[in-house]
*Asks:* 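Could you have a look at this structure, given as structure tokens, before my questions?
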Amino acid sequence: MKEIFKLGGILLLVTALASGALSMVNKITKPKIEEQKRLVVERALIAALPTADPKAIEKVIENDEILYYIGYTTQEKTDIAGYAFVAKKAGYSSVIETMVGVDTTGKIIGIKVMEEKETPGLGTKIEEIKYGESAPWFQLQFINRYAGELAVDKDNGPIRSITGATISSRAVTNSIKEGLEQLEKRLGGFKKQANPTQTEQVS
Amino acid sequence: MSMMSEFSKGFYKENPVFKLVLGLCPTLAVSNSVQNAIGMGVAATFVLIMSNVIVSLIRKGVPKKIRIPIYIVVIATFVTIVDLVMAGFAPALHKSLGIFVPLIVVNCIILGRAEAFAGKNPVFYSFLDGLGMGLGFTFALTIISIVRELLGNGSLWGVPLMPPSFEPVLLLILPPGAFLTLGLFLGFFNWLDAKRDA
Amino acid sequence: MENRLVVSASPHIAHKDSVKKIMFGVVISLLPAAVGGVYFFGAKAAWVIVLAILSAVITEALIEKLTKKPITIADGSAIVTGILLAFNVPPEVPWWIPVIGSAFAIAIGKVPFGGLGYNPMNPALLGRAFLLASWPSHMTIFKTAPKDGSLSGINLAAIKSYGLDAITSATPLNVFKTQRGILFEWHDVLKSGMENPALQAKADLANNAISQLSDSYANLFWGRVGGCVGETSVFLLLIGALYLIYKRYIGLRIPLTYIGTVAVLTWLFAGTEGLFSGDPLFHVLSGGLILGAFFMATDMVTSPVTPKGRIWFGVGCGVITVIIRLVGGYPEGVSYSILLMNLTVPLLDRYTKPKTFGKVEQK
Amino acid sequence: MRLKKLTFKGGVHPPEYKELAEDKAIEVMPAPEFVVIPIQQHIGAPAEPVVAVGDEVKIGDVICQAKGFVSVPSHATVSGTVKAIEPRPHPVGGNVLSIIIENDGKDEWSPDVAFDEKYAELDADEMKKRILNAGLAGMGGATFPSHVKLSPPADKPIDTFILNGAECEPYLTADHRMMLEKTRDILEGVKIIMKILNCKNGYIAIENNKPDAVRAMRQAVKEMKMDVEVVSLPVKYPQGAEKQLIKAITNRNVPAGGLPMDVGCLVHNVGTAKAIYDAVSSKKPLIERVVTVTGQGIKEPKNVLVRIGTPFEKVIEFCGGVTENTIKIVNGGPMMGIAQFSMEVPVIKGTSGILALTDKETGMRDPDPCIRCARCVDVCPMNLLPNEMARQIEYNNFDEAHQLGVLDCIECGSCSFICPSRIRHVHLFKYAKMEVTKKLKARA
Amino acid sequence: MDLNHLFVITISAIFINNFVLNRFLGICPYIGVSKNMDSAVGMGMAVVFVMTLASMVTWLIYDFMLKPTTSNIFYIIFSAKEPPDLTYLKTIAFILVIASLVQFVEMVVQKVSPTLYKSLGIYLPLITTNCAILGVAFLNLDENFNFIESIVNGFAAGVGFTLALVLMAGIRERLELAPIPKPLRGVPIAFLMAGLMAIAFLGFSGLKL
Ligand SMILES: Cc1cc2nc3c(=O)[nH]c(=O)nc-3n(C[C@H](O)[C@H](O)[C@H](O)COP(=O)(O)O)c2cc1C
Ligand SMILES: Cc1cc2nc3c(=O)[nH]c(=O)nc-3n(C[C@H](O)[C@H](O)[C@H](O)COP(=O)(O)O)c2cc1C
Ligand SMILES: Cc1cc2nc3c(=O)[nH]c(=O)nc-3n(C[C@H](O)[C@H](O)[C@H](O)COP(=O)(O)O)c2cc1C
Ligand SMILES: Cc1cc2nc3c(=O)[nH]c(=O)nc-3n(C[C@H](O)[C@H](O)[C@H](O)CO)c2cc1C
Ligand code: SF4
Ligand code: SF4
Ligand code: SF4
Ligand code: SF4
Ligand code: FES
């Protein structure tokens with residue numbers, strides 16, 4: 001019995017030491033990790049709203065849910081550069097999340113796929129950057145298009161789908177289209193000032 | 001025992017993957033690209049070295065009965081360090097290695113070396129053993145991933161290398177490709193050994 | 001004279017069949033469908049078949065030569081594998097697809113396990129699954145419409161009159177799957193009470209397309225539809241199957257339970273208007289079901305030896321085929337269902353071992 | 001009136017080749033210059049020689065005496081001098097102590113042998129004694145002592161007797177000819193057996209490829225006013241195996257490892273029935289039997305009445321000798337018979353046929369790998385998995401083979417016959433049975 | 001509780017994302033214990049049991065001890081100012097909990113049912129440091145599963161593991177009796193077979209329920 005307590009004590013001590021050491025490491029890395037998480041969204045927003053001032057992007061929240069973002073051209077927040085939102089839809093083997101930015105007329109000005117776990121080599125081509133190019137060719141096709149045009153070639157639209165990954169291509173395309181339609185409803189039509197319930201400064 | 005052999009045995013003679021057939025899950029899971037393979041290899045090597053060193057240091061003071069739990073705590077500590085640092089400084093790698101980073105804890109190479117070697121040998125040898133085994137593991141991961149990435153994606157370290165007309169053998173970077181490649185490598189090394197012994 | 005006497009255990013006479021005879025029997029039984037493939041899809045289909053056979057045979061001979069084993073290509077099993085692989089790829093694939101597929105089938109699927117008789121899974125289907133996973137674009141795109149027919153099997157007149165051309169550039173099962181998806185989407189929209197005129201138009205088209213599919217039985221039966229080289233003509237395949245049955249090279253347990261299960265399950269679940277609204281005949285005639293049921297699920301090496309085991313094997317193939325066709329990631333499920341059931345063969349054999357004669361009354 | 005099809009599960013249809021000899025009436029072969037009579041021609045304990053070298057014997061004299069209950073005596077089959085008592089090659093294998101008698105050509109009979117008018121009134125015990133004294137061992141091939149079979153324990157009464165005239169083995173026609181030529185003798189034998197056992201149901205089972213035998217039997221049964229049924233069975237090997245025969249006729253399953261008497265049945269071969277008649281009516285011992293000498297290798301296939309102990313060579317000579325391309329000499333039928341090293345071996349009580357097979361007939365080839373075609377499984381009358389057992393035995397896994405039921409195998413050879421890969425199942429199973437019994441004994 | 005959702009989790013864990021064939025977890029026992037059917041079944045049952053239990057326990061630990069919420073027990077016991085974020089200790093906590101849990105189960109089983117111990121117990125120590133068990137705990141976190149979902153996922157993952165293991169065992173018993181080329185015998189052929197199995201399981205990929 002006594003031995004058990006002794007051994008238990010030693011084990012506890014070792015664990016406590018280890019936890020102590022880890023809490024120190026954690027102090028150093030924690031801010032870094034949180035920064036990384038924020039950067040993912042931030043980078044996506046910058047990509048989606050290239051005309052907005054990165055420091056002047058607000059999120060529109062309702063019931064703890066981010067509905068969309070508003071980007072202003074300057075920090076004075078006088079002119080709206082555009083809106084951004086996250087489009088989601090199930091692809092082949094995962095839910096694909098894309099940050100989409102539109103200008104006030106509803107024209108897409110930037111997109112970035114944030115999250116997907118599609119089949120490597122097939123579905124993941126939605127993020128593929130061809131050698132020598134600077135942006136994923138699949139995503140570039142969406143720039144300057146309006147909701148009405150969005151459909152992949154198999155559905156007689158102009159978006160060239162990835163060979164062998166029509167499902168992923170369709171998921172991205174349709175999620176953006178639906179997101180845009182929803183945003184339009186929320187804004188009460190494009191080219192109009194929205195009526196946000198609550199706004200808050202991002203970054 | 002020679003220092004050189006403690007270090008070099010991990011590469012071929014006692015290669016953890018090809019010869020000891022240990023640590024298979026990460027080997028299969030992250031060998032789909034050279035980047036992942038080397039990232040995982042370095043992470044595991046770090047944990048191996050550090051846990052070997054610490055275990056060797058404390059080997060005399062640890063009661064026999066609870067040595068395994070204590071080793072596990074030591075290993076888990078270093079794994080957590082790797083996990084946190086990777087999340088903070090190499091988020092992309094962290095994401096693509098996924099749960100296989102924390103799972104280094106249960107990678108039997110590490111506990112195996114602690115138990116079989118570091119618990120019985122002085123610090124410097126344990127360090128060499130950890131380094132050698134870790135590099136051996138990294139080496140195994142790397143050559144598997146070279147085959148898989150080059151043929152399965154037409155690239156190495158993400159850089160396209162094959163002529164544009166090459167159509168990659170996608171299966172190789174899918175799960176079945178991992179099993180098949182490892183199986184063929186294991187068979188190939190058995191064959192090599194048999195040929196050398198003959 | 002005396003020293004010439006051979007002493008061996010009984011029996012002292014043997015049936016005249018041999019492995020070689022059986023394998024070449026299968027080759028003969030596949031000829032009608034092969035000729036049909038060439039007739040419907042043109043010379044490139046012939047190329048695919050020839051390349052697949054050559055690759056299978058050469059791969060087997062080469063490995064055996066390198067490993068200094070007896071060369072076994074004369075037994076004909078590699079030829080069967082080659083033909084069946086060719087039957088399972090689209091006619092317009094690049095030349096290296098059948099070559100690599102056959103090589104994989106033999107070099108990975110057969111030889112490492114000990115060669116003929118020991119491979120646990122169907123080599124030809126492994127070859128196909130390998131090709132499908134590696135080069136899905138080549139393996140899922142069908143461009144060649146058969147002679148005298150359309151890819152989807154829908155009659156050309158109907159295509160024109162219904163304005164279906166946009167959705168009929170695919171094989172019948174492809175059309176079925178995508179159009180059924182649209183209908184379900186439309187049902188959801190209807191239920192939610194929203195309006196969506198664009199979708200409604202699509203749903204109307206989908207309804208037309210599906211009803212046209214049902215009217216294409218004759219095309220499916222004769223083979224005037226798109227698809228893989230050897231899978232399209234039910235008629236020609238059945239001629240070969242009858243020959244095999246007549247020769248007793250295959251039994252009926254697997255094919256009948258397989259096809260029966262598919263028919264029942266599709267009748268139950270494959271409709272768009274609830275239970276019992278499916279079209280079993282369409283499902284039995286389309287895709288590679290007939291090819292799979294008579295020529296591939298019956299591969300004796302990779303199917304159970306016990307009578308009951310063969311029945312469960314057929315049922316299992318049927319269930320998985322229907323699951324994949326209705327909710328899976330592919331329009332067609334025959335290949336994968338057979339491969340998956342191959343995995344269960346040792347278990348089936350084990351748990352369906354017949355009771356020894358005389359053991360029945362004991363206990 | 002039977003509605004069920006009279007058959008059993010499994011079985012094969014080998015080519016019959018019965019036409020070679022079925023129309024040949026039984027010919028009596030003259031006694032040879034010498035005979036070789038092994039002391040063991042039956043299942044059970046070997047008999048004990050009671051003559052010495054140099055002794056003079058007459059036909060029917062006992063030359064070796066039964067030793068124990070499961071054993072039978074043997075008799076001199078020619079008159080003459082005992083020349084030697086030494087091991088000689090035996091058709092069932094190995095060398096067995098044999099009594100060699102030189103024929104003096106006089107054909108003198110032992111005085112005991114005489115027709116007894118009142119034999120039918122003898123009681124069962126006396127009949128059984130005569131049967132034992134006549135040295136009867138089953139002539140269907142298994143050579144089990146007949147008197148033992150006819151003495152079931154009191155708790156296992158036998159209500160059904162089946163006369164086995166199936167002769168399902170290809171080539172063999174001896175039983176067929178006997179049923180045509182000795183119809184009445186056989187039926188008298190049946191009467192005796194049914195009397196000994198006091199059983200009510202009698203069946204005479206004949207495969208329907210012998211319609212003339214069925215007709216002859218039916219006719220004779222009617223004439224003799226016997227209450228037995230002549231059953232015509234579909235042609236399928238091994239229809240004559242007793243468990244399968246009992247299943248086909250009575251639909252009873254003899255338990256695995258059990259005996260026919262466990263289900264109240266007894267089966268005897270037609271040759272045995274005739275011998276029983278001879279033994280009981282005339283005290284005539286078993287000194288000769290009908291042998292079918294046939295096969296493509298025999299120049300003049302015949303059914304021959306041969307003295308027990310006649311060397312194969314002589315019998316074959318009597319049938320014109322063998323052709324050049326003969327590669328196999330078999331004692332028995334082609335499915336279960338035993339291939340011989342030499343033609344010196346003698347005809348014994350269980351020799352139903354002598355086959356000379358040519359290379360073409362045997363279709364011998366080296367085995368291919370098993371392709372799991374399951375034909376062997378489909379044909380096995382015992383419902384075993386021959387392919388699995390064979391594979392386990394090839395890897396010396398006798399425990400697994402035992403579990404798969406190798407001891408239940410009746411060695412009918414259907415599996416090997418049908419196998420396209422020419423797997424030598426029966427060879428493996430015989431070997432495995434030995435190993436398994438050895439192991440079981442060691443364990444016990 | 002949405003039963004449909006639980007059904008999807010189950011099917012996904014067994015067939016679509018099979019632990020062994022798709023996620024590469026538990027490969028060592030999969031290769032090591034699949035030579036014989038009886039041990040495969042024993043190991044499988046042990047894994048199902050421990051995975052379910054581990055999913056349950058680690059979920060509780062994570063939600064009530066590590067996560068910075070107001071129901072964190074350290075927050076309650078020490079009445080700290082704000083809930084502590086101890087999530088960085090999850091690896092160390094999980095492995096210790098799983099290891100002691102398995103030990104405890106082993107002891108209980110040994111006491112309560114010696115027969116069960118005989119068939120199951122010998123596999124328990126092997127499982128302690130098996131990545132499949134720890135893996136399921138992390139996956140439950142990754143997927144944000146709630147308590148019930150975690151348990152269902154743990155159970156189904158175990159079943160998926162057992163399925164792959166038992167199928168493999170059946171096939172390997174047959175491969176023992178095959179003339180496999182020497183260098184491939186044993187582990188290499190098992191990997192090739194696993195690869196072919198994984199190809200067959202691709203048939204389930206993209207299943208939409
Ligand atoms: C192993 C495997 C993984 C797949 N992964 C994806 C995927 O990530 N995204 C996708 O859209 N389709 C995927 N597919 C589906 C097929 O490629 C499917 O045929 C294709 O999506 C249909 O597109 P197509 O119309 O271009 O042929 C996968 C197929 C296989 C065999
Ligand atoms: C496979 C097999 C086939 C047999 N075929 C026959 C047959 O056709 N005729 C026959 O009389 N005995 C046949 N027998 C022998 C019988 O089972 C049984 O031993 C015999 O009929 C008993 O009679 P007996 O004691 O008079 O020899 C066969 C045995 C086996 C194992
Ligand atoms: C050890 C042994 C004991 C036997 N005991 C009897 C018996 O008591 N009664 C009986 O009718 N047959 C008995 N038999 C004979 C069998 O029933 C059967 O006739 C004989 O084995 C030959 O049959 P077969 O030619 O079908 O193989 C016995 C056989 C053996 C091997
Ligand atoms: C009826 C029958 C069906 C066959 N089906 C196939 C098949 O689907 N795929 C294949 O590779 N070989 C098939 N074969 C050939 C042979 O069995 C095959 O090559 C072996 O699986 C290789 O060991 C078949 C053979 C027969 C007799
Ligand atoms: S961690 Fe365990 S299961 Fe994995 S390789 Fe090591 S011993 Fe095997
Ligand atoms: S011994 Fe042979 S021929 Fe005679 S009855 Fe039996 S099986 Fe038929
Ligand atoms: S020899 Fe044995 S295993 Fe073969 S068929 Fe006859 S009873 Fe069955
Ligand atoms: S008949 Fe021959 S090849 Fe066919 S399963 Fe039986 S043993 Fe194998
Ligand atoms: S089981 Fe070995 S590392 Fe996963």
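Just so we're on the same page: letters track the sequence lines, and every chain starts at 1. No hydrogens, no waters, no symmetry mates; every other heavy atom, side chains included, goes into these values.
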*Asks:* Does Lys9(B) NZ have over 12 foreign heavy atoms under 6.0 Å away?
*Replies:* yes
*Asks:* Above 12 or not: heavy atoms from other molecules or residues under 6.0 Å from CZ of Phe104(E)?
*Replies:* no
*Asks:* Considering the options Leu182(B), Leu186(B), Leu24(B), which one meets the side-chain contact (heavy atoms from CB on, under 4.5 Å) requirement together with Val187(E)?
*Replies:* Leu186(B)
*Asks:* Just wondering, do Leu180(B) and Leu196(E) contact through their side chains at under 4.5 Å, heavy atoms?
*Replies:* yes
*Asks:* For Pro176(B) and Gly195(E), work out which heavy atoms get closest and say how close.
*Replies:* CB-O, 3.5 Å
*Asks:* Non-hydrogen atoms of chain B under 4.5 Å away: do they reach the side chain of Asp142(E), the backbone, both or neither?
*Replies:* side chain
*Asks:* Could you look at Ile75(B) and say if it's the side chain, the backbone, both or neither that has a heavy atom under 4.5 Å from chain E?
*Replies:* neither
*Asks:* Would you please test Leu171(B) and Leu202(E) for side-chain contact (heavy atoms from CB on, under 4.5 Å) and show each step?
*Replies:* CA-CA 10 Å; Leu171(B) 185 95; Leu202(E) 284 182; 4.2 Å; yes
*Asks:* Is the shortest heavy-atom distance from the side chain of Val101(B) to the side chain of Thr91(E) under 4.5 Å?
*Replies:* no
*Asks:* Which value, rounded to the nearest 0.5 Å, describes the distance between Ile92(E) atom CD1 and Thr80(B) atom OG1?
*Replies:* 5.5 Å
*Asks:* Answer yes or no: does atom CZ of Phe155(E) have more than 12 heavy-atom neighbours from other residues, nucleotides or ligands under 6.0 Å?
*Replies:* no
*Asks:* Around Lys65(B), counting heavy atoms of other residues, nucleotides and ligands shown, do more than 12 lie under 6.0 Å from its NZ?
*Replies:* no
*Asks:* Any chance you could measure Ile98(E), atom CD1, to Ile72(B), atom CD1, to the nearest 0.5 Å?
*Replies:* 10.5 Å
*Asks:* A quick test of your reading: do over 12 heavy atoms of other residues, nucleotides or ligands sit less than 6.0 Å from CZ of Phe147(E)?
*Replies:* yes
*Asks:* With a 4.5 angstrom heavy-atom cut-off, which part of Leu192(E) approaches chain B: side chain, backbone, both or neither?
*Replies:* both
*Asks:* Leu28(B) versus chain E, heavy atoms under 4.5 Å apart: side chain, backbone, both or neither?
*Replies:* both
*Asks:* What verdict does the side-chain contact (heavy atoms from CB on, under 4.5 Å) test give for Leu184(E) and Asn190(B), after you've listed the backbone C-alpha separation in whole Å, the side-chain angles of each residue and the deciding distance to 0.1 Å?
*Replies:* CA-CA 8 Å; Leu184(E) 290 177; Asn190(B) 279 348; over 6 Å; no
*Asks:* For chain E, find which of Pro102(B), Ala194(B), Ala178(B) contributes the most heavy-atom pairs closer than 4.5 angstrom.
*Replies:* Pro102(B)
*Asks:* Can you check whether Ile31(E) reaches Val21(B) side chain to side chain, under 4.5 Å on heavy atoms?
*Replies:* no
*Asks:* For Ala29(B), is it the side chain, the backbone, both, or neither that has a heavy atom closer than 4.5 Å to a heavy atom of chain E?
*Replies:* both
*Asks:* For the candidates Gly98(B), Ala76(B), Pro175(B), which exhibits the highest count of non-hydrogen atom pairs separated by less than 4.5 Å from chain E?
*Replies:* Pro175(B)
*Asks:* For chain B, which candidate among Pro183(E), Ala200(E), Ala190(E), Ala194(E) shows the most heavy-atom pairs at distances under 4.5 Å?
*Replies:* Pro183(E)
*Asks:* I need the residue from Val73(B), Leu84(B), Thr27(B) with the largest number of non-hydrogen atom pairs under 4.5 Å to chain E.
*Replies:* Val73(B)
*Asks:* Rounded to the nearest 0.5 Å, what separates atom CG in Leu22(B) from atom CD1 in Ile27(E)?
*Replies:* 13.5 Å
*Asks:* Verify side-chain contact (heavy atoms from CB on, under 4.5 Å) between Phe24(E) and Phe179(B), making sure each step is shown before the conclusion.
*Replies:* CA-CA 9 Å; Phe24(E) 305 113; Phe179(B) 289 107; 3.6 Å; yes
*Asks:* Would you compute the distance between atom CD1 of Ile133(E) and atom CG of Leu103(B) and round it to the nearest 0.5 angstrom?
*Replies:* 11.5 Å
*Asks:* Nearest 0.5 Å please: distance from the CG atom of Asn107(B) over to the SG atom of Cys131(E).
*Replies:* 8.0 Å
*Asks:* Quick one: closest heavy-atom pair of Pro188(E) and Gly183(B), and the distance?
*Replies:* CB-O, 3.7 Å
*Asks:* Is there side-chain contact between Phe100(B) and Leu25(E), with at least one heavy-atom pair below 4.5 Å?
*Replies:* yes
